[in-house]
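Before any comments, here is the structure.
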Amino acid sequence: MNLLMFFLYSIPEEFLIVALCITLAGYNISACKLRYIIVSLLLAISVKALQLLDLSLPLRSFFQFVILIILVKQGMGIPLLPLITCSVITLLVLQMNELLVMSIFTNFYDKTLQEIQMEPLLWFARTLPNLLLMSLFLYIIKKYKIFLFKENIPSNKLTFRSYWIFSAFYTFGIIGAITLEQGDIGPGYILVCIVIFQAFSLLVIQELVKSNRHETQLAVYKESIKNMTSLFTTIRSQRHDFANHIQVLYILAKQKEYEKLLRYIEQLVGQITSINEVLLSDNPELSALLQTKIAQFAQEKIRLRLHLTSSLTELEIPVIELNQIIGNLLDNAADAIKAADYPSDEILLETIKINNKVQIKVKNYRPIIPIYLQKKIFEYGFSTKQNHSGLGLAIVTSLVEKNKGTLCLISNEKVGTEFTITFPVKELKKIEQKTG
């Protein structure tokens, strides 16, 4: 009977536990089926081995928790903080699930838990609702995308929504633990204190999340203002020098120094073009960013080449977030070129409007990103360059997903390294209202 229970209940239960933990962390099981199967089987064997040892229930539960974290961490590569958080919630869900089923069975058959355990068929029948409820819970999470974290984006901090979900499970888990230990719901004042504490915690966390968001927005605004100031300073400088250029041209023409006159005009046109090619009248914020990047990269002996057939005003995305995306991609390309000792010295930024979508492409011909790193570079905190935070591409991914876009990376010997971001354009009515 024990062997039958192991195959028909223990193994399916551990599969559901691992699936729930992975899904809450925002990872897709279908992308790593083999590893998921191996981790689940190893967990089932480990839990069965713990049951054979003479351990108390709290100690056995603790070891199960540690084994779950170790196996999923090694097998699936989930970051530690999301893994611990989702493991706690998964085991709390399991505890509440078993508590609910036990309560129903003991009341329905009018028997104690020990009496039910003495009847193998009744004990086995009790396991089926457990599996069904866990499967239903997993289905709801997948269907409505109730994830605490998302794969490959910054996940070192819980959002307010994530903390709300975590607190709800944590509160019910404590209530369930009290009920299992004492046999009843426990003193009312304890439950009231728990609920009040969690409500207060939620309010504090909400304010902290708001404060962090405002601080981030302020930093982005400062960077945007800095870029705008740099652009205006450059334009004023050109206008100030205009009279001096006219005088030089007049003198060279009067002295009939036509070759010198031609060379001077060519140099002057080149200077003006470097500014005018990024002057987008309907998107001054993007113009400021690109002018700053051109000047910055020129000092680093890197050329930023532009092919802008769209000013990106068709997009329903805040201009600050758009500049964050483009700025991070350009900086990432420049850093890669410098770190690889300049295998190329050019970055191409291209904007294209195709039907009802706009594409933003950032391309550097070298270096090439190895295949095994092409997914890992989007992870929070990961960087192949020394003294880098590893946040740039993770922020880009987060902002692209937030604004309903897609991000594609191609990196091979033929194409080079090219990031392509695609956004849907605004609805026609919204554009007309804005221009009207």
Side-chain angles (χ1 to χ4, degrees), residues 150 152-154 220-221 223-224 227-228 230-231 274 276-297 302-337 344 346-369 374-375 377-378 391-412 414-428 430-431 434:
K150 290 185 178 180
N152 294 335
I153 70 169
V220 174
Y221 277 122
E223 185 66 23
S224 179
N227 293 337
M228 290 287 291
S230 174
L231 175 62
S274 67
N276 289 344
E277 69 178 350
V278 296
L279 284 179
L280 305 174
S281 60
D282 53 348
N283 198 338
E285 296 90 346
L286 179 59
S287 296
L289 173 69
L290 296 181
Q291 176 58 34
T292 302
K293 292 302 178 186
I294 287 176
Q296 173 190 334
F297 293 161
I302 297 175
R303 180 192 174 197
L304 176 57
R305 189 158 60 90
L306 305 175
H307 184 216
L308 310 177
T309 59
S310 168
S311 62
L312 306 182
T313 53
E314 311 96 326
L315 302 180
E316 195 170 6
I317 172 175
V319 67
I320 292 177
E321 295 183 357
L322 181 63
N323 276 8
Q324 272 189 289
I325 292 172
I326 296 176
N328 276 308
L329 287 178
L330 292 176
D331 287 340
N332 179 74
D335 290 340
I337 289 174
S344 65
E346 183 177 87
I347 300 172
L348 171 64
L349 172 63
E350 188 175 7
T351 61
I352 311 168
K353 184 177 180 181
I354 304 174
N355 299 325
N356 61 340
K357 294 184 179 180
V358 171
Q359 287 188 340
I360 303 170
K361 295 188 176 185
V362 175
K363 178 177 181 179
N364 55 283
Y365 295 95
R366 294 294 184 273
I368 304 301
I369 302 174
Q374 291 184 15
K375 287 186 177 180
I377 59 173
F378 295 101
L391 300 180
L393 292 179
I395 292 173
V396 169
T397 305
S398 177
L399 292 175
V400 170
E401 290 184 355
K402 174 185 173 184
N403 292 281
K404 301 178 181 179
T406 59
L407 173 60
C408 176
L409 167 62
I410 297 176
S411 186
N412 55 48
K414 183 178 180 181
V415 176
T417 298
E418 181 179 79
F419 291 86
T420 301
I421 297 175
T422 305
F423 286 116
V425 300
K426 295 179 183 176
E427 295 179 7
L428 182 60
K430 293 184 178 178
I431 296 177
K434 182 177 179 181

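All values reported here derive from a predicted model rather than from experimental measurement. Along the sequence shown, the residues carry numbers beginning at 1.
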Output a table of donor-acceptor pairs, distance under 3.5 Å, between side-chain atoms of residues 349-358 and any protein atom two or more places apart or on a different chain; print 'none' if there are none.
unit_1, atom_1, unit_2, atom_2, d
Glu350, OE2, His307, ND1, 3.2
Thr351, OG1, Thr309, N, 3.3
Thr351, OG1, Ser310, N, 3.2
Thr351, OG1, Ser310, O, 2.8

Side chain to side chain donor-acceptor pair (under 3.5 Å) partners of Asn403, counting only residues at least two apart:
Glu321
Reported CD1-to-CG distance for the pair Ile326 and Leu290, which is rounded to 0.5 angstrom:
6.5 Å
For a side chain to side chain contact (heavy atoms under 4.5 Å, CB included) check, start with the C-alpha distance between Asn283 and Val319, then their side-chain angles and the critical distance, and finish with the verdict.
CA-CA 9 Å; Asn283 198 338; Val319 67; 3.8 Å; yes
Can you measure from CG (Leu330) to CG (Asp335) and round to the nearest 0.5 angstrom?
11.0 Å
Set of side chain to side chain donor-acceptor pair (under 3.5 Å) partners for Asn412, sequence neighbours left out
none
Check: Leu329 and Leu393 side chains under 4.5 Å, non-hydrogen atoms:
yes
With sequence neighbours left out, write down each residue that passes side chain to side chain contact (heavy atoms under 4.5 Å, CB included) with Pro367, or none if nothing qualifies.
Ala336, Ile337, Ala340, Pro343, Asn364
Roughly how far, to the nearest 0.5 Å, is the CD1 atom of Ile294 from the CG atom of Leu306?
4.5 Å
What distance separates Phe423 CZ from Thr406 OG1, expressed to the nearest 0.5 Å?
8.0 Å
Taking all atoms of both residues into account, what is the closest heavy-atom pair of Gly416 and Arg366, and its distance?
CA-NH1, 4.0 Å
Are the side chain of Asn323 and the backbone of Glu285 linked by a donor-acceptor contact shorter than 3.5 Å?
yes
Checking Arg303 now: which residues fulfil side chain to side chain contact (heavy atoms under 4.5 Å, CB included) with it, not counting sequence neighbours?
Arg305, Glu346
From Asp331 atom CG to Gln296 atom CD, the distance as rounded to the nearest 0.5 Å
5.5 Å
With sequence neighbours left out, write down each residue that passes side chain to side chain contact (heavy atoms under 4.5 Å, CB included) with Gln374, or none if nothing qualifies.
Ile369, Ile371, Leu409, Ser411
Against Asn328, only a single residue in Leu399, Thr397, Val396 fulfils side-chain contact (heavy atoms from CB on, under 4.5 Å); can you say which?
Val396
Look up atom CD1 in Ile347 and atom NZ in Lys293, then write down how far apart they are to the nearest 0.5 Å.
9.5 Å
Looking only at heavy atoms, which two atoms of Tyr365 and Val415 are closest? And how far apart?
CD2-O, 4.2 Å
What verdict does the side chain to side chain contact (heavy atoms under 4.5 Å, CB included) test give for Ile360 and Ile325, after you've listed the backbone C-alpha separation in whole Å, the side-chain angles of each residue and the deciding distance to 0.1 Å?
CA-CA 10 Å; Ile360 303 170; Ile325 292 172; 5.6 Å; no
